Amino acid sequence: MAAVGDEVEHEAKLAELLISEKALTARQIQDLDKSREGKQTLSNAILRSGLVAPETLASALARVSGHPVTSLRVAPEAAVVRQLPRRFCELRAVSLIEFGRASATLAMADPLDEMTEHEAKDMLGGIELKVVTTTLIEVRDAIRPHEERAH
């Protein structure tokens with residue numbers, strides 16, 4: 001698990017990157033920082049604000065976290081997605097996209113959320129977990145039941 005100093009450093013890098021790319025102003029970052037709830041991270045507050053284009057934010061989060069961007073345009077198999085509880089996936093903006101005996105791949109809209117990564121790994125029995133970055137929209141589409149996608 002990352003130390004608090006690492007979390008603060010990642011948040012500072014993300015804020016700096018988004019400001020330099022003119023995706024957000026310093027004032028918007030300050031406002032989002034002040035409006036955070038409980039233990040919500042700045043990256044999660046930015047993600048849920050909808051102020052930054054999904055692809056721009058995914059790219060920035062990938063650069064800060066070191067987890068590559070992946071597109072979920074081809075939906076993962078429903079049997080794979082169901083390996084994690086739907087409510088957990090909805091609340092944490094994650095989707096399992098690959099699942100095998102020894103390893104799995106977790107797509108995260110907020111790859112800086114290391115607590116969620118650890119919880120998912122625990123739920124999967126401690127197997128090796130590879131993390132990739134994707135947009136919130138693509139995570140939501142991936143975890144939506146197959147029946148809803150067909151309509």
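Since the structure is predicted, the reported quantities are computational estimates derived from the model, not experimental observations.
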### Task
Please identify each residue that fulfils salt bridge (Lys or Arg N to Asp or Glu O under 4.0 Å) with Glu119, with sequence neighbours left out.
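Glu119 satisfies salt bridge (Lys or Arg N to Asp or Glu O under 4.0 Å) with Arg92 only.
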### Task
Please list, chain by chain and in numerical order, all residues satisfying salt bridge (Lys or Arg N to Asp or Glu O under 4.0 Å) with Lys13, sequence neighbours excluded.
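Salt bridge (Lys or Arg N to Asp or Glu O under 4.0 Å) check on Lys13 returns Glu9.
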Looking at residues at least two apart in the chain, or sitting in another chain, which of them share a side chain to side chain contact (heavy atoms under 4.5 Å, CB included) with [X]?
| X | value |
| --- | --- |
| Glu16 | none |
| Ala60 | Leu14, Leu17, Leu18 |
| Pro68 | Val132 |

### Query
What side-chain hydrogen bond (donor to acceptor under 3.5 Å, both in side chains) pairs are there with at least one residue in residues 60-70, not counting sequence neighbours?
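Matches after skipping sequence neighbours: Glu21-Arg63.
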### Task
Return the set of residues passing side chain to side chain donor-acceptor pair (under 3.5 Å) with Ser43 (not counting sequence neighbours), or none when no residue passes.
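Here the qualifying residues are Thr41, Asp110.
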### Task
List in chain and number order the residues that pass side chain to side chain donor-acceptor pair (under 3.5 Å) with Gln40, two or more places apart in sequence or in another chain; answer none if no residue qualifies.
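Result, side chain to side chain donor-acceptor pair (under 3.5 Å) vs Gln40: Asn44.
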#### Entry: Pairs satisfying salt bridge (Lys or Arg N to Asp or Glu O under 4.0 Å), at least one member in residues 69-78, at least two apart
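Matches after skipping sequence neighbours: Arg73-Glu138.
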### Task
Sorted by first residue and then second, give each salt bridge (Lys or Arg N to Asp or Glu O under 4.0 Å) pair with at least one member in residues 28-51; sequence neighbours left out.
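Matches after skipping sequence neighbours: Glu11-Arg36, Arg27-Asp31, Asp33-Arg36.
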### Query
Going hydrophobic residue to hydrophobic residue with side-chain gaps under 4.5 angstrom, can you get from Leu136 over to Leu42?
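They do share one cluster, since a chain of ILVMFWY contacts under 4.5 Å joins Leu136 to Leu42.
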### Query
Out of curiosity, Gln83 CD to Cys89 SG, how far, rounded to the nearest 0.5 Å?
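Answer for the CD-SG pair, Gln83 versus Cys89, is 10.5 Å.
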### Query
Taking atom OG1 of Thr133 and atom CE of Met108, what is their separation to the nearest 0.5 Å?
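These two atoms lie 8.5 Å from each other.
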### Query
Judged by atom type as modelled, is there a donor-acceptor pair below 3.5 Å linking the side chain of Ser59 to the main-chain atoms of Thr56?
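Checking the backbone N and O of Thr56 against the side chain of Ser59, no donor-acceptor pair under 3.5 Å is found.
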Under 3.5 Å, which donor-acceptor pairs do the side chains of residues 96-107 form with other protein atoms, sequence neighbours left out?
from, atom 1, to, atom 2, distance (Å)
Glu98, OE1, Thr105, OG1, 2.9

### Query
With a cutoff of under 4.5 Å between side-chain heavy atoms, which Ile, Leu, Val, Met, Phe, Trp and Tyr residues group with Val69?
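Joined to Val69, directly or through intermediates: none.
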